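Please read the structure below before turning to the comments.
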Amino acid sequence: MPHDDRLLRHALELAQQASAFASPNPTVGCVLTTPQGEVLGEGAHWYDRRDHAEIAALKQAAEHGHSVAGATAYVTLEPCTVSGRTGPCAEALVQARIARCVIATADPNPLVHGKGIELLQRASIEVEVAEPASEIGTRARRLNDAFAFSIVRDRPFVTLKSALSVDGRLAPAQHEPGKPFWLTGEAARADVQRLRHEHDALLTGIGTVLADDPSLNDRTGLPRRRPLLRVVLDSSLRLPLRSQLVLSAQNDLLVLCSDDADRQRIRLLEQAGAEVLCLPSTEPKLVLQELHRRKLLSVLLEAGSAMNGAFLQEKLVDRVVLYFAELELGKDAVPFARNGTSPFDLQFRLSELKRSTFPRGSSEDIRLAGYLHDPWAGL
């Protein structure tokens, strides 16, 4: 239909508007229309409201007194066939007697993948699915990268973010402890805040905290369903009680330490508002297992050389976002990754590499972003 792309784009916009409120479920939008494209009802999935996008659209159509018999449903993700907090959406569409369903992308969940389409077709509903490589198919997948990856791989989708000098260094060899050293300008740093807003958790190490005393929060001011969880790997609990992280803790600070950490120190941090969890070790795989157990789909790694190197070495980085400033720090400055990985070599390994720039006085900061692992691989 000539209006299919327009209505799928509208469904994608609805999904995008609810994207900060859907996790740990997928981000989904739905538009119900007459065969001629007149909107009868629309909706998106907001986790706390329980209803999936299709149910929200059906309810809105009913509230407006519209019958959806013979209607077309435009859905950004294949309607589900399993019962969880709500019933199967594919069955709800069948019972509503729609005639056609246009889907932006199949569901990556192995319990659903292809089954929603099959159920609709068995009910004589015409089904069309956008090509994965099309603009709409790609947009729909990008909205649910983290969900697709985590549900298949049983761990969160990890994005490594670093701000670097033009010669690929993280920071000067020496700078005043407890005070951040800004490599990039305000425009690039504002983009980092938007990046944080897109994630469920931010992960860093105690070395970064002691060096910069950062707050590491989401300062976009945009609403979200749950606060950005700030996670610190701190084996021996060196995290200062007067650090910005601890002073600003509001049920959004998790400190991961080793089993032999000092118990008195644990009590003091907990009294200050931090959650402290002892693990057999703070090696990357165990850390991600714990975050997955907490139903966190996406993790932003903002750390130093040691953690960058460890996560890259274990192949636990899935996406990379690098900000380059036009400033040279020299060979004695802090390297990007302790395992010797060069950020310049790394960028050549990225797929879907995108470059953007941010003004900074008479110069500019450069952002390079791409994937090390395709979250939809095999689907």
Side-chain angles (χ1 to χ4, degrees), residues 7-33 39-64 68 71-96 98 101-113 115-117 119-120 127 129-130 136-152 156-157 197-200 222-228 294-298 375-376 379:
L7 289 163
L8 272 180
R9 287 191 180 94
H10 182 46
L12 285 165
E13 289 167 2
L14 293 170
Q16 182 67 61
Q17 291 167 14
S19 61
F21 299 88
S23 180
N25 284 353
T27 297
V28 188
C30 176
V31 181
L32 294 168
T33 76
V39 175
L40 302 172
E42 59 185 42
H45 175 57
W46 297 60
Y47 186 86
D48 288 340
R49 298 179 189 175
R50 299 180 71 88
D51 287 339
H52 290 187
E54 298 91 329
I55 306 304
L58 287 169
K59 285 184 176 179
Q60 187 185 90
E63 288 168 2
H64 292 166
V68 297
T72 298
Y74 293 89
V75 192
T76 61
L77 190 69
E78 177 182 2
C80 65
T81 55
V82 294
S83 295
R85 299 194 308 158
T86 63
C89 294
E91 289 186 5
L93 292 175
V94 170
Q95 291 170 7
I98 68 165
C101 187
V102 184
I103 300 168
T105 190
D107 194 315
N109 185 346
L111 297 176
V112 176
H113 185 73
K115 296 180 176 65
I117 294 170
L119 190 152
L120 294 171
V127 178
V129 184
I136 284 174
T138 300
R139 281 184 61 190
R141 287 186 168 212
R142 292 293 78 92
L143 270 175
N144 281 303
D145 277 347
F147 174 77
F149 186 90
S150 64
I151 203 162
V152 173
F157 185 72
H197 183 73
E198 296 169 4
H199 287 77
D200 292 335
L222 298 172
R224 53 190 300 152
R225 187 179 81 81
R226 51 186 177 181
L228 176 71
R294 293 169 181 252
K295 296 184 178 181
L296 298 166
L297 303 184
S298 57
W376 294 78
L379 295 172

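The basis for the numbers below is simple: all heavy atoms, side chains too, and nothing from hydrogens, waters or symmetry mates. Everything quoted here is computed from the prediction, not taken from an experiment.
Among all heavy-atom pairs drawn from V28 and A53, the shortest one is O-CB, 3.5 Å. The two residues L14 and C30 make their nearest non-hydrogen contact at CD1-O, 3.7 Å. Here the closest heavy-atom approach between residue A130 and residue A104 is recorded as CB-O, 3.5 Å. Shown here for A56 and D51, the closest heavy-atom pair between the two residues is N-CB, 4.2 Å.
The side-chain hydrogen bond (donor to acceptor under 3.5 Å, both in side chains) check on W46 picks up nothing, with sequence neighbours excluded. Looking at residues two or more places apart in sequence or on another chain, you find no salt bridge (charged side-chain N to carboxylate O under 4.0 Å, His left out) involving R49. For R139, there are no side-chain hydrogen bond (donor to acceptor under 3.5 Å, both in side chains) partners at least two apart in sequence or on another chain. Partners of K295 according to the salt bridge (charged side-chain N to carboxylate O under 4.0 Å, His left out) rule, which considers only residues two or more places apart in sequence or in another chain, do not exist here. Remark: R50 engages no residue in a salt bridge (charged side-chain N to carboxylate O under 4.0 Å, His left out) (not counting sequence neighbours). By the ring pair (Phe, Tyr, Trp, His ring centres under 6.0 Å) test, F157 is found to be paired with F149, residues two or more places apart in sequence or in another chain being considered. Applying the side-chain hydrogen bond (donor to acceptor under 3.5 Å, both in side chains) criterion to E42, with sequence neighbours excluded, gives H10. The side chain to side chain contact (heavy atoms under 4.5 Å, CB included) check on E198 picks up L195, with sequence neighbours excluded. Listed by chain and number, the residues in a side-chain hydrogen bond (donor to acceptor under 3.5 Å, both in side chains) with T105 are R141 (sequence neighbours excluded).
One distance of note links SG of C89 with CD1 of I55; it measures 4.5 Å at 0.5 Å rounding. Atom CD1 of residue I98 and atom CG of residue L40 lie 11.5 Å apart, to the nearest 0.5 angstrom. Note that NE2 of H197 and CG of L222 are 4.5 Å apart. Values are rounded to the nearest 0.5 Å. L119 CG to C101 SG: the interatomic distance, rounded to the nearest 0.5 Å, is 11.0 Å.
Identified under the salt bridge (charged side-chain N to carboxylate O under 4.0 Å, His left out) test for residues 9-21, with sequence neighbours left out: R9-E135.
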Distance-only check: which donor-acceptor pairs under 3.5 Å involve side-chain atoms of residues 17-25, not counting sequence neighbours?
residue: S19; atom: OG; partner: Q16; partner atom: O; Å: 2.8
residue: S19; atom: OG; partner: Q16; partner atom: NE2; Å: 3.3
residue: S23; atom: OG; partner: D200; partner atom: OD1; Å: 3.3
residue: S23; atom: OG; partner: D200; partner atom: OD2; Å: 2.9
residue: S23; atom: OG; partner: R226; partner atom: NH2; Å: 2.8
residue: N25; atom: ND2; partner: H45; partner atom: NE2; Å: 3.1

Please list every donor-acceptor pair under 3.5 Å in which a side-chain atom of residues 74-83 meets a protein atom from a residue at least two apart or in another chain.
residue: Y74; atom: OH; partner: D4; partner atom: OD1; Å: 2.6
residue: T76; atom: OG1; partner: G29; partner atom: N; Å: 3.0
residue: E78; atom: OE1; partner: D107; partner atom: N; Å: 3.0
residue: E78; atom: OE1; partner: G114; partner atom: N; Å: 3.1
residue: E78; atom: OE2; partner: G114; partner atom: N; Å: 2.9
residue: E78; atom: OE2; partner: K115; partner atom: N; Å: 3.3
residue: E78; atom: OE2; partner: G116; partner atom: N; Å: 2.9
residue: E78; atom: OE2; partner: I117; partner atom: N; Å: 3.1

V152 and W376: CA distance, side-chain angles, deciding distance, side chain to side chain contact (heavy atoms under 4.5 Å, CB included) verdict: CA-CA 9 Å; V152 173; W376 294 78; over 6 Å; no
